[in-house]
Amino acid sequence: MPELKSGAPVRRQAAERAAINAPMQGTAADLIKLAMISVQKYLDDEKAEDAPLMQVHDELVFEVPEKELHRSRKTSCG
């Protein structure tokens, strides 16, 4: 990141923030991927009909049939 050596304080500070933030974002992405793999294995093992729809930041969103809501609520972390 050449901006880290910039004489302009605003550019240098932005580069410093980016340099600090990048490893954290990468680690967060790795963790959510591991969670997705773990959840899918659980759903497969349980023969659940829940379907992963999307990821929003650190949340996983699923479509859950009404007949499986009780189990899904019981096993959710939130």
Side-chain angles (χ1 to χ4, degrees):
M1 303 183 100
E3 291 88 9
L4 288 172
K5 296 180 181 181
S6 174
V10 173
R11 292 185 81 176
R12 187 179 63 251
Q13 290 168 354
E16 289 169 355
R17 286 191 302 274
I20 291 168
N21 195 30
M24 287 189 280
Q25 285 183 328
T27 300
D30 291 343
L31 290 172
I32 198 73
K33 288 175 192 170
L34 291 171
M36 292 166 71
I37 292 167
S38 177
V39 168
Q40 189 61 58
K41 181 180 180 334
Y42 171 80
L43 293 173
D44 292 346
D45 290 349
E46 293 291 314
K47 299 187 182 356
E49 295 178 31
D50 303 36
L53 292 180
M54 67 179 136
Q55 171 195 342
V56 180
H57 302 290
D58 62 346
E59 303 281 334
L60 300 176
V61 181
F62 292 83
E63 180 176 36
V64 180
E66 194 168 334
K67 67 183 180 181
E68 295 194 16
L69 280 176
H70 178 71
R71 180 197 39 77
S72 292
R73 285 182 180 143
K74 187 172 94 177
T75 58
S76 73
C77 295

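Bear in mind the structure is a predicted one, so any value in this text is a computation, not a measurement. The residues of the chain are indexed from 1 along the displayed sequence.
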Which distance, rounded to the nearest 0.5 Å, do you find between the CD of E68 and the CD of E63?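 It comes to 11.0 Å.
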Listed once per pair and sorted, the salt bridge (Lys or Arg N to Asp or Glu O under 4.0 Å) pairs that draw on residues 47-60, sequence neighbours left out: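 For residues 47-60: E49-K67, D50-R71.
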Not counting sequence neighbours, which residues clear side chain to side chain donor-acceptor pair (under 3.5 Å) with N21? List them please.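 Side chain to side chain donor-acceptor pair (under 3.5 Å) list for N21, sorted by chain: empty.
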What residues form a side chain to side chain donor-acceptor pair (under 3.5 Å) with Q40, not counting sequence neighbours?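 So Q40 forms a side chain to side chain donor-acceptor pair (under 3.5 Å) with D44.
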Look only at the side chain of S38 and the backbone of L34, and say whether a donor-acceptor pair between them is shorter than 3.5 Å.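 Pair absent, no side-chain N/O of S38 close to backbone of L34.
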Closest contact, heavy atoms only, [X] versus [Y]:
X	Y	value
M1	A15	SD-O, 3.8 Å
I32	Q55	CG2-NE2, 3.4 Å
S6	R12	O-NH1, 3.1 Å

When hydrophobic residues are tied together by side-chain contacts of less than 4.5 Å, even through go-betweens, does M36 share a cluster with L53?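 No, separate clusters.
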Indicate if L31 and Y42 have the same hydrophobic cluster label, given that clusters are the connected sets of ILVMFWY residues with side-chain heavy-atom separations under 4.5 angstrom.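 L31 does not cluster with Y42.
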